[in-house]
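All remarks here apply to the structure that follows.
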Protein chains: 2
Amino acid sequence: MVSDHTHSPDNDDFPQEINGLRMTRQRKEVYRCLMEHRVHPTAQDVFLEVKDKLPQISLATVYNCLEALTQHGIIRQVHFDRESCRYCPNLLDHGHFHDQATGKIHDVTFKPGVKLEDVLDLPPGTVVSNIELTLRGTIAS
Amino acid sequence: MVSDHTHSPDNDDFPQEINGLRMTRQRKEVYRCLMEHRVHPTAQDVFLEVKDKLPQISLATVYNCLEALTQHGIIRQVHFDRESCRYCPNLLDHGHFHDQATGKIHDVTFKPGVKLEDVLDLPPGTVVSNIELTLRGTIAS
DNA sequence: AATTAAAATAAGAATCATTCTTGACTGTGG
DNA sequence: CCACAGTCAAGAATGATTCTTATTTTAATT
């Protein structure tokens, strides 16, 4: 994290920059929305939420912000089939479980010490740079 | 065009029905396309291929066929981010590795005996009905 | 073989998430 | 203060997929 030097009413104590990305008012609100709710919202969800703070923001800007944050490794995209992309501020390696009864999405972490090669038959020489693990099902009560 | 009950040149020895789904000429060709090439084609890819055999087939019909085959558990959809859906006739539990250098998609099987619960921290009571595992990376030569 | 109802298909329109384009705006450094 | 680069808003464009409708095919029955 980077300390902030100036102080503006919109900014409270948000860093002016994260991972080399300048945090504009729009990007801050988008990021704050993800951090505060942690419900894996879609761009549309974020748009509706952020409009309360920045009424003039456009959906395209929300997409731009989410894209910028993703490119700079600040958040991650989550995909469920071809549904709208969802966004996730949890940067730890993890998968997602979609509870089909409630519609809720839960982060699923790997047990400590688990390595891909222990679990999968990968072609020799494979270098994996990105994993996406998606589960669907229900939670028995 | 030609309806032939006993024997038609289009039909060779294809079963008339799989998993309760009537195998029409279109569905047969779509399925055959997947089985013969095994390259995880998109609907568009299948459409172009199948047009050689059935020139009048429409893209919507290809989508319908792929949907019907999927619903009846004959093939599976494969998703990479929000790219076009791809289709896979391999019904065994497996994931997919996307080689970013060649663009090829490889099936990745789980090592024998591996169970989800051994690898993941799942919320208690979780019943997983569907897994999608997607890897991206490269293969060192 | 003809009749009929249900299922499947072709063609193109419609939908919807996302991306692109354009012109205006903002902030920073000189 | 000015110029420049980076952002933004608004709406158009794109592209995959789905929907609609009329037509054709199939299977069952006569």
Side-chain angles (χ1 to χ4, degrees), chain A residues 4-11 14 16-31 40-48 50-51 53-72 74 77-87, chain B residues 1-8 10-11 14-31 40-48 50-51 53-72 74-75 77-87:
Chain A
D4 83 86
H5 303 280
T6 62
H7 233 3
S8 103
D10 313 303
N11 288 348
F14 232 94
Q16 297 302 110
E17 193 177 309
I18 301 180
N19 287 6
L21 180 68
R22 193 160 61 134
M23 292 303 281
T24 63
R25 227 167 329 132
Q26 288 83 346
R27 288 174 187 157
K28 281 177 191 169
E29 287 306 330
V30 166
Y31 185 45
H40 303 88
T42 64
Q44 191 64 232
D45 296 335
V46 174
F47 176 54
L48 293 176
V50 168
K51 266 214 293 210
K53 279 281 190 92
L54 304 174
Q56 80 297 5
I57 199 170
S58 78
L59 178 57
T61 296
V62 172
Y63 271 106
N64 286 340
C65 292
L66 290 167
E67 168 74 8
L69 291 164
T70 302
Q71 287 310 317
H72 285 74
I74 302 167
Q77 283 191 333
V78 180
H79 303 278
F80 286 91
D81 300 351
R82 275 185 56 86
E83 291 170 12
S84 302
C85 290
R86 295 174 175 279
Y87 296 86
Chain B
M1 313 261 143
V2 183
S3 84
D4 184 311
H5 305 280
T6 56
H7 190 84
S8 104
D10 311 303
N11 287 348
F14 232 94
Q16 297 302 112
E17 193 176 309
I18 301 181
N19 287 6
L21 180 67
R22 202 170 86 202
M23 292 304 280
T24 63
R25 225 165 332 129
Q26 289 83 348
R27 288 174 186 160
K28 282 177 191 169
E29 287 306 329
V30 166
Y31 185 46
H40 301 89
T42 64
Q44 190 64 231
D45 295 335
V46 173
F47 176 54
L48 293 176
V50 168
K51 266 216 291 212
K53 279 279 191 94
L54 304 175
Q56 80 297 3
I57 199 171
S58 79
L59 179 57
T61 296
V62 172
Y63 272 105
N64 286 340
C65 292
L66 291 167
E67 168 74 8
L69 291 165
T70 303
Q71 287 309 318
H72 285 75
I74 302 167
I75 64 174
Q77 283 191 332
V78 180
H79 302 277
F80 286 91
D81 300 352
R82 275 186 57 86
E83 293 172 12
S84 303
C85 289
R86 294 174 176 278
Y87 296 86

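Checking B:Thr24 against B:Arg82, the closest nucleotide of DNA chain C that is more toward the 5' end is the one next to B:Thr24. Each of A:Cys65 and B:Glu83 lies near DNA chain D, and the nucleotide nearest A:Cys65 is the one positioned closer to the 5' end.
Of the candidate nucleotides D:dG11, D:dT17, C:dT9, D:dG11 has the atom nearest to the side chain of A:Ala60. Here D:dT26 is the nucleotide among D:dT26, C:dA17, D:dT7 with the atom lying nearest to any side-chain atom of B:Arg25. Here C:dT28 is the nucleotide among C:dT9, C:dT28, C:dT19 with the atom lying nearest to any side-chain atom of A:Arg22. When the nucleotides C:dT19, C:dA8, D:dA16 are ranked by their closest atom to the side chain of B:Arg27, C:dA8 comes out on top. Minimum atom distance to the side chain of B:Ser58 is reached by C:dA10, of the listed D:dC8, C:dT19, C:dA10.
At the phosphate of D:dT18, neither OP1 nor OP2 sits under 4.0 Å from any side-chain N or O atom of B:Tyr63. For the OP1/OP2 pair of D:dA9 and a distance below 4.0 Å, the side-chain nitrogens and oxygens of A:Gln26 include at least one atom meeting the criterion. Look at B:Gln16 and you won't find any side-chain N or O under 4.0 angstrom from OP1 or OP2 of D:dA27.
Within 4.0 Å (heavy atoms only), A:Thr61 reaches at least one base atom of the nucleic acid.
B:Arg86 contributes no side-chain N or O that, together with a main-chain N or O of B:Ala43, makes up a donor-acceptor pair within less than 3.5 Å.
Taking atom CD of residue A:Gln71 and atom C1' of nucleotide D:dT7, one finds them 16 Å apart after rounding to whole Å.
Residues B:Asn64 and B:Thr61 bring no donor and acceptor atom of their side chains to less than 3.5 Å of each other.
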